[in-house]
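Just below is one structure, and these are the notes that go with it.
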Amino acid sequence: MSLRPILGRLTFALFAAGLVVLAGTGPVQAGGSAVARALAMPKASMLVEEGGKAVVAHQADRPMMPASTMKLLTALAAIQRWGLDHHFETRLLRDGTGRLWVQGAGDPYLVSEELDLMARAVRAAGVTSVAGVGADDTLFAPTLDIPGRSASNNPYDAPVTALAANFNTVNLRVKGSAVVSNESQTPLTPLAQRLGRGLGNGTQRVNLKDSGLGARYFAEVFSAKLEAAGVRVTGEPVVGRVPSGAKALLTHRNSRSLRAVLAPMLEYSNNFVANGLFLALADRGDGSTITIARAQKSMAAWVDKTFRWRDYRVEDGAGLSRGNRLSARQLVDVLDAFAPYRSLMPRQGDQILAKTGTLTGVSAYAGYVNRDGAWVPFSLLINQAVDAGLRKQVATELVRAQNLRALCPGASC
């Protein structure tokens, strides 16, 4: 082992990690069956199990870049840590000046609709006025260097923070000097308006770049939500740590269970949620700051205890890092453990449940194919240029094959 080292139904899909153009020495040429083409690749790792035994294996133990199939490992770790019925919680407190503080604890799904519920809970607690909103996102280190995350404006590159509204992204519509929110459930805040002035005309979804902007945006959005709920907000938003002596007001329990968080995370390959969970898994409950190194160490300890693998590396929980390494056999180990939860997986038709993974020069697919009523686990990790559609063609052939062993006589190809 080597390791040291977004709101509601429609808009979540728009935060997905975008597909990128594959690059390399040139794509594998079409011709022959998809499975045969995959098995002929020098930079591929593939494994198919039936009845608990390998029936197709090609370099199955070779460490490869898994891209977003890494999210399966993160999802499994989250399920084993918290259970599918877990609901993330966020504490609200009031200080001596009357300011309302929101203390982030890593809930990755504080979307606009959830902030409506939180604001209404504040009003239901008898609060009619607050001296501004304070945002405390100090549980996660302020300068998290997540391997593989770039500095682009794209939603899938949003900073991961312990307190965030709408996955640290804003959705705007710009026309000349006019900037409006592109979501009826999300108010246009001063910060969002300033960001919009620097964008071109049209619909623009961008991320908030850093933790400071993310916390500020949260405080602005929540201030507007409080006003809408009948709570007067008299002061400007601030970012910082909850002052000592602040009194607990309430603890907000997210309306979504972990089950309702994981399914869209896997379907839309949401990097913010995956790495938010990756970091939260390292929380010791003592309020100490969580760094990426601590999260890596925490994940390694869980992997070592759960799987006892060798020759793997987990640098982030979303699969962004090109330093991540998993083999096809290790991914099938994950799938074997994930079998009770396979309904959370994205669907390809009625017979395939599987997660894609895409980086430049990486095309991966891992999940289950239905063969005569039995769900058979498979994993395919290709680390060379290839037609992006090949992986799904492989899965389709695995469903239709009369005899999987005939695809790979002797089980090793």
Side-chain angles (χ1 to χ4, degrees), residues 6-12 15 87-137 139 161-173 179-196 208 213-243 246-257 260-261 272-273 276:
I6 199 173
L7 25 217
R9 300 177 299 275
L10 174 64
T11 56
F12 197 107
F15 308 139
H87 293 252
F88 289 99
E89 296 182 344
T90 303
R91 297 179 67 216
L92 286 80
L93 310 91
R94 294 191 76 177
D95 66 19
T97 71
R99 182 176 295 278
L100 179 65
W101 285 88
V102 186
Q103 188 174 47
D107 184 342
Y109 218 115
L110 290 175
V111 295
S112 290
E113 298 90 337
E114 198 65 34
L115 296 188
D116 284 326
L117 298 177
M118 186 185 290
R120 290 171 196 155
V122 172
R123 182 64 187 88
V127 178
T128 59
S129 178
V130 297
V133 172
D136 182 343
D137 70 342
L139 181 61
T161 56
L163 184 65
N166 300 328
F167 317 107
N168 274 335
T169 66
V170 294
N171 187 8
L172 304 172
R173 193 165 64 252
V179 180
V180 298
S181 174
N182 199 43
E183 297 165 348
S184 60
Q185 73 272 32
T186 305
L188 181 70
T189 74
L191 175 56
Q193 192 167 41
R194 290 199 300 273
L195 289 173
L208 291 164
L213 289 180
R216 173 76 187 192
Y217 183 64
F218 178 94
E220 290 185 355
V221 173
F222 191 52
S223 293
K225 294 296 188 180
L226 287 169
E227 291 278 3
V231 180
R232 186 168 174 243
V233 181
T234 61
E236 290 296 312
V238 298
V239 174
R241 189 180 293 273
V242 175
K247 304 295 184 182
L249 175 67
L250 61 89
T251 297
H252 176 75
R253 188 172 184 260
N254 199 300
S255 63
R256 292 170 177 83
S257 66
V261 169
F272 177 91
V273 173

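In this chain, residues are counted from 1 in sequence order.
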| Roughly how far apart are Gln193 CD and Leu188 CG, rounded to 0.5 Å? | 5.0 Å

| task | Using modelled atom types only, decide if a donor and an acceptor are shared between the side chain of Glu227 and the backbone of Val233 within a distance under 3.5 Å. | result | yes

| Crowding at CD, Glu89 (>12 non-hydrogen neighbours, <6.0 Å) | yes

| Donor-acceptor pair, side chain of Ser181 and main chain of Thr186, under 3.5 angstrom | yes

| field | Electrostatic pair Arg241:Asp136 at N-O distance under 4.0 angstrom | value | no

| message | Assess the residue pair Arg94 and Val127 against the criterion (side chain to side chain contact (heavy atoms under 4.5 Å, CB included)); give the C-alpha distance rounded to whole Å, side-chain angles, the decisive distance to 0.1 Å, and a yes or no. | response | CA-CA 10 Å; Arg94 294 191 76 177; Val127 178; 3.9 Å; yes

| said: Tell me whether Asn166 contacts the main-chain N or O of Ser112 through its side chain, where contact means a donor paired with an acceptor under 3.5 Å. | reply: yes

| field | Test item: Arg216 side-chain N/O and Pro237 main-chain N/O as donor-acceptor pair under 3.5 Å | value | yes

| Rounded to the nearest 0.5 Å, how far apart are OG1 of Thr128 and CZ of Arg123? | 6.0 Å

| message | Please enumerate all residues that pass side chain to side chain donor-acceptor pair (under 3.5 Å) together with Thr97, with sequence neighbours excluded. | response | Asp95

| message | Can you tell me which residue among Leu249, Val130, Val238 is in a side-chain contact (heavy atoms from CB on, under 4.5 Å) with Trp101? | response | Val238

| said: On a heavy-atom basis, which atom in Phe218 and which in Ala165 lie closest, and how many Å separate them? | reply: CD1-N, 3.7 Å

| request: Locate the shortest heavy-atom distance separating Ala119 from Phe222; write the atom from each residue and the value. | output: N-CE1, 3.7 Å

| field | Spacing of Arg256 atom CZ and Glu114 atom CD [to the nearest 0.5 Å] | value | 5.5 Å

| query | Which pair of non-hydrogen atoms, one from Ser129 and one from Val231, has the smallest distance, and what is that distance? | reply | N-CG1, 4.0 Å

| field | Distance-only polar pair, side chains of Glu220 and Thr189, donor-acceptor under 3.5 Å | value | yes

| field | Side chains of Ser223 and Glu236 in contact at under 4.5 Å (non-hydrogen atoms) | value | no

| request: Could you point out which residue of Asp107, Asn168, Leu110 forms a side-chain contact (heavy atoms from CB on, under 4.5 Å) with Leu163? | output: Leu110

| said: Return the OG to OH distance between Ser257 and Tyr109, rounded to the nearest 0.5 Å. | reply: 11.0 Å

| Inter-residue atom distance Leu250.CG - Leu100.CG, 0.5 Å rounding | 8.0 Å

| query | How long is the span from the CG atom in Leu117 to the CG atom in Asn254, to the nearest 0.5 Å? | reply | 8.5 Å

